[in-house]
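The first residue in the sequence is number 1, and the count goes up from there. Side chains are part of it too, since the values below use all heavy atoms of this structure and drop only hydrogens, waters and symmetry mates.
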Amino acid sequence: MRKALLPLIIIIATSLLLIRIFYLQVVNDTFKLQSENNAIKIKYDYPERGYIYDRYGKLLVANQPSYDIMVIPREIKQIDTAEFCMLLNITKEFFDERMAKAKVYSPRLPSVFLPQLNKLEYAAFQEKIRKFEGFYIQKRSLRDYQVTAGANVFGFIRQVSEKEVEKNPYYNSGDLIGKQGVEESYEKILRGIKGVKYIQKDKFNREIGSYKDGKYDTIAVQGEDINLSISAELQKYGEQLMINKRGGIVAIEPSTGEILALVTAPSYDPAILVGRQRSKNYTRLYNDSIAKPLYDRGLLAEYPPGSPFKILTGLIGLQEKVINEQTTFMCNHGFSYARGRFMKCHGSGPHQLHNGIALSCNAYFGNVYMKIINKYVRPESAVNIWSNHVKSFGLGQFMGYDLPTGKKGKVPTGKTYNNMYPGWHWDSKTIVSNSIGQGEVLMTPIQLANMMATVANRGYYYTPHIIKKIKGEQIDPKFRIKHQTTIDRKYFDPVVEGLFGVFNYPGGTGNALQVKGIDICGKTGTAENFAKINGKRTKLQDHSIFVAFAPKNKPKIAIAVLVENGYYGARNAGPIAVLMIEKYLKGKVSRTDLEKRMFEVSLLGEYNKYFKTKIDSLLIPKTEESLEN
């Protein structure tokens with residue numbers, strides 16, 4: 001039996017090899033097609049990208065025709081280079097540079113020589129194309145933006161890099177690909193499938209028809225349309241309110257996790273990254289290292305959360321049963337928590353949970369935090385327990401939303417402080433500034449908004465996402481999963497009452513921001529702001545923060561607003577938040593006094609105190625008229 005085994009294996013292997021050779025040489029012509037590539041010209045038929053709509057079906061991004069001049073270096077004969085350059089308004093140096101690049105890619109395969117000609121340029125070149133053998137025109141479609149807001153949401157289209165071509169066989173040199181925003185996240189859905197045509201050539205290099213009567217040709221398939229969860233009007237309004245300011249606004253529908261608005265400021269008109277000037281304009285935006293218009297502050301900027309973090313301090317205190325609604329702490333414009341250490345506060349008198357939130361009392365929440373940490377024998381264990389509570393709100397981690405960029409923020413653990421204070425006994429007094437969001441905690445605006453959506457839901461959230469509907473497909477099921485916090489539902493009601501008191505309690509920090517007919521729950525915040533200037537840590541103007549949701553019962557919107565160098569929370573972030581809420585819920589605003597003030601407020605003076613900014617024409621503030629569609 002063993003003697004027969006080896007010959008049997010050889011016979012089977014030989015038979016399989018012969019069958020495979022017969023299939024490749026007789027049945028399948030694919031490799032023959034490749035071997036005959038010198039006599040075959042490949043033409044690609046590029047599909048339109050899918051259209052992009054907002055949550056209500058408003059068209060945001062469509063397509064427009066564009067024309068690329070393609071080149072096959074090996075097929076170029078004697079041409080009048082001077083005439084060619086003059087016709088296309090390019091220099092001889094540019095011509096030589098592009099030709100060298102095309103030859104490096106492939107002497108016999110087509111690559112883009114000059115992209116994105118407009119109709120007039122196309123018509124002029126088409127008339128004389130017969131004089132320039134080796135060049136031909138490839139029709140494509142470019143994005144046609146129907147709105148001037150939402151550049152950070154959409155992203156943009158650019159040519160693939162050499163690394164991307166090597167990594168993904170779908171793409172060839174000169175192909176277009178979505179980068180940033182939903183264009184990148186949903187590239188495979190939006191791009192469609194390009195068609196391929198194989199053209200037979202004779203020995204004189206003339207086209208003589210389709211190879212094998214089009215047997216291998218494929219038809220282009222248009223990309224699928226998508227509906228985003230954003231409201232185009234709310235997005236536009238948010239960008240208006242942030243003119244001459246820097247920061248971010250994120251609004252979420254609590255019951256679904258759908259992102260209603262994602263504003264970063266400063267921003268730009270997405271149309272400037274389309275056409276022949278795309279590269280030049282992108283370079284100008286990219287090189288602006290001060291205003292950073294390409295930096296999505298709503299997703300990437302990590303800030304100390306300030307007083308909005310007191311919401312979590314109160315909830316964790318209730319959950320850990322170190323306080324109840326009636327627990328009282330005295331505030332004497334702050335409180336002394338250790339010898340020589342005093343946490344300042346603008347209030348005074350006895351405070352319980354409700355008015356502690358409404359009046360934003362540092363002394364109250366400083367005491368609550370110390371009780372949480374002191375409940376356990378080892379402060380390291382206590383901080384880990386506290387940290388797990390905080391992280392259950394989606395903080396200190398990538399949240400899993402469907403946008404290609406983001407930051408984790410920071411939630412410290414016991415290990416954090418062991419590393420910070422090696423060989424030294426640290427305790428609750430050492431880290432008490434965490435209680436008011438001024439310690440080692442960092443959060444992004446989308447995390448702040450998600451925190452408020454979680455409070456609005458009384459203890460759970462859905463992963464924030466920008467997609468609402470994909471034509472012919474289902475959205476990712478992970479966006480339907482409910483994430484429960486470690487805090488019992490019963491503890492949210494007293495905290496929500498305190499947040500309602502911010503607007504309605506006498507002396508509440510948001511009392512001047514009430515909107516008639518809407519029960520808003522919110523929290524003001526002021527975060528200290530430092531920067532290293534000439535090697536020195538320098539105190540700048542505080543960041544203005546406001547978080548809110550509305551209505552109080554069955555909330556439809558949760559929002560976080562952060563205005564860099566914007567002073568205290570109720571000065572700039574607060575008005576923007578309540579205006580956005582009313583605009584979304586009512587379609588119009590009644591607080592025209594706040595609206596007028598926010599349109600007029602400019603913080604460029606604050607930004608230019610230490611970092612002189614040259615206003616780029618690409619970032620000229622958009623007027624209300626220019627934002628109308």
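- Taking 4.0 Å as the cut-off between side-chain N and carboxylate O, Lys92 and Asp96 count as a salt-bridged pair.
- Residues Val61 and Tyr51 form no side-chain contact, since every pair of their non-hydrogen atoms from C-beta on lies 4.5 Å or further apart.
- A donor-acceptor pair under 3.5 Å is formed between the side chain of Tyr607 and the backbone N or O of Glu564.
- Here the closest heavy-atom approach between residue Leu109 and residue Tyr105 is recorded as CB-CE2, 4.2 Å.
- Of all the heavy atoms in Leu234 and Met580, the pair that sits closest is CD1-O, 3.5 Å.
- Side chain of Asn457 to backbone of Tyr460: a donor-acceptor contact under 3.5 angstrom is found.
- A donor-acceptor contact shorter than 3.5 Å is absent between the side chain of Glu121 and the backbone of Leu88.
- Using a 4.0 Å cut-off between charged nitrogen and carboxylate oxygen, Lys583 and Glu233 do not count as a salt-bridge pair.
- Between Glu183 and Arg49, at least one side-chain nitrogen of the basic residue sits less than 4.0 Å from a carboxylate oxygen of the acidic one, meeting the salt-bridge criterion.
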* Derivation of the side-chain hydrogen bond (donor to acceptor under 3.5 Å, both in side chains) call for Tyr46 and Asp175 -> CA-CA 9 Å; Tyr46 290 91; Asp175 282 3; 2.5 Å; yes
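- Under 4.0 Å is where a charged nitrogen must lie from a carboxylate oxygen, and between Glu164 and Arg158 at least one such pair does.
- Proximity of a side-chain donor or acceptor of Lys245 to a complementary backbone N or O of Ile243 within less than 3.5 Å is detected.
- A distance-only check finds a donor-acceptor pair linking the side chain of Thr485 to the backbone of Gly459 [under 3.5 Å].
- Looking only at distances, no side-chain donor or acceptor of Ser173 sits under 3.5 Å from a matching main-chain atom of Ser111.
- Ring pair Phe84/Phe95 is perpendicular by interplanar angle, where above 60° counts as perpendicular and below 30° as parallel.
- Of the charged side-chain nitrogens involved, none lies within less than 4.0 Å of a carboxylate oxygen, so that Glu48 and Arg140 do not count as a salt-bridged pair.
- Between Glu187 and Lys179 no salt bridge is recorded (no basic side-chain N to carboxylate O distance below 4.0 Å).
- No more than 12 heavy atoms of other residues, nucleotides or ligands sit less than 6.0 Å from atom NZ of Lys103.
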* To do: Kindly indicate, with the supporting measurements, whether the criterion side-chain hydrogen bond (donor to acceptor under 3.5 Å, both in side chains) is fulfilled by Asp296 and Asn152.
  => CA-CA 7 Å; Asp296 194 327; Asn152 62 308; 3.1 Å; yes
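- Nearest heavy-atom pair, Ile446 versus Pro464, reported as atom, atom and distance to 0.1 Å: CD1-CB, 4.2 Å.
- Here Ile559 contributes atom CD1 and Ile252 contributes atom CD1; the two are 10.0 Å apart, rounded to the nearest 0.5 Å.
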* To do: May I have the step-by-step check of side-chain contact (heavy atoms from CB on, under 4.5 Å) for Asp45 and Val196, ending in yes or no?
  => CA-CA 6 Å; Asp45 184 11; Val196 184; over 6 Å; no
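- At a threshold of 4.0 Å, the pair Lys468-Glu258 counts as salt-bridged, since one of the basic side-chain nitrogens sits closer than that to a carboxylate oxygen.
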* Do His543 and Val563 pass the side-chain contact (heavy atoms from CB on, under 4.5 Å) test, and can you show the C-alpha distance, the side-chain angles, and the key distance before you say yes or no? -> CA-CA 6 Å; His543 295 321; Val563 181; over 6 Å; no
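- For the residue pair Asp217 and Tyr198, no side-chain donor N or O sits within less than 3.5 Å of a side-chain acceptor on the partner.
- Among all heavy-atom pairs drawn from Pro293 and Tyr268, the shortest one is O-CE2, 3.8 Å.
- Surrounding CD1 of Ile137 are more than 12 heavy atoms belonging to other residues, nucleotides or ligands, all under 6.0 Å away.
- Screening Leu562, Leu241, Val263 against Ile576 for a side-chain contact (heavy atoms from CB on, under 4.5 Å) leaves a single residue, Leu241.
- For the pair Arg278 and Tyr282, the cation-pi criterion (under 6.0 Å, within 45° of the ring axis) is fulfilled.
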* To do: Show your working on ring-ring contact (aromatic ring centres under 6.0 Å, His included) between His465 and Tyr401 and close with a plain yes or no.
  => CA-CA 5 Å; His465 52 284; Tyr401 48 73; over 10 Å; no
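- Between the side chain of Gln116 and the backbone N or O of Gly275 there is at least one donor-acceptor pair closer than 3.5 Å.
- Taking OG1 of Thr454 as the reference point, atom CZ of Phe549 lies at 11.0 Å (rounded to 0.5 Å).
- Note that the CG atom of Leu117 and the CD1 atom of Ile69 stand 4.5 Å from one another [nearest 0.5 Å].
- Residues Ile76 and Val71 meet the side-chain proximity criterion, which asks for heavy atoms closer than 4.5 Å.
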* Apply side-chain contact (heavy atoms from CB on, under 4.5 Å) to the pair Tyr53 and Lys58, showing each step before the final yes or no. => CA-CA 5 Å; Tyr53 300 85; Lys58 178 184 175 69; over 6 Å; no
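- Lys194 forms a cation-pi arrangement with Tyr170, by the criterion of a distance under 6.0 Å to the ring centre and an angle within 45° of the ring axis.
- A distance-only check finds no donor-acceptor pair linking the side chain of Asp225 to the backbone of Gly50 [under 3.5 Å].
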* To do: Give the C-alpha distance, both sets of side-chain angles, the deciding distance and a yes or no for ring-ring contact (aromatic ring centres under 6.0 Å, His included) between Phe113 and Phe135.
  => CA-CA 9 Å; Phe113 178 84; Phe135 293 89; 5.4 Å; yes
* From CA spacing to verdict: side-chain contact (heavy atoms from CB on, under 4.5 Å), Tyr303, Thr444 -> CA-CA 6 Å; Tyr303 305 95; Thr444 60; over 6 Å; no
* To do: Verify side-chain hydrogen bond (donor to acceptor under 3.5 Å, both in side chains) between Tyr295 and Arg246, making sure each step is shown before the conclusion.
  => CA-CA 11 Å; Tyr295 182 73; Arg246 295 178 191 161; over 6 Å; no
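- In this structure, CG in Leu299 is found 10.0 Å from CD in Gln447, a value given to the nearest 0.5 Å.
- Using modelled atom types, no side-chain atom of Asp68 and backbone atom of Val112 make a donor-acceptor pair closer than 3.5 Å.
- Of the charged side-chain nitrogens involved, none lies within less than 4.0 Å of a carboxylate oxygen, so that Glu75 and Arg108 do not count as a salt-bridged pair.
- Atom CE of residue Met70 and atom CD1 of residue Ile72 lie 8.0 Å apart, to the nearest 0.5 angstrom.
- Classification of the Tyr67-Tyr122 ring pair by plane angle, with boundaries at 30° and 60°, yields parallel.
- In this structure, the side chains of His483 and Tyr462 stay at 4.5 Å or more apart for every pair of heavy atoms.
- Taking each heavy atom of Arg297 and Gly248 in turn, the nearest pair found is CB-N, 4.5 Å.
- By the neighbour-count criterion of 12 heavy atoms within 6.0 Å, atom CD of Glu162 is sparsely surrounded, having that number or fewer from other residues, nucleotides or ligands.
- Within 6.0 Å of OH on Tyr56 lie more than 12 heavy atoms contributed by other residues, nucleotides or ligands.
- A 4.5 Å side-chain heavy-atom check between Met598 and Asn572 finds at least one atom pair inside the cut-off.
- Between the side chain of Glu239 and the backbone N or O of Gly150 there is at least one donor-acceptor pair closer than 3.5 Å.
- A salt bridge is defined here as a Lys NZ or Arg NE, NH1 or NH2 lying under 4.0 Å from an Asp or Glu carboxylate O, and Glu224 with Lys188 fails to meet this definition.
- Remark: Arg143 fails to qualify as a cation-pi partner of Phe154 under the 6.0 Å distance and 45° angle criteria applied to the six-membered ring.
- Heavy-atom minimum distance, Ala527 versus Pro304: CB-O, 3.3 Å.
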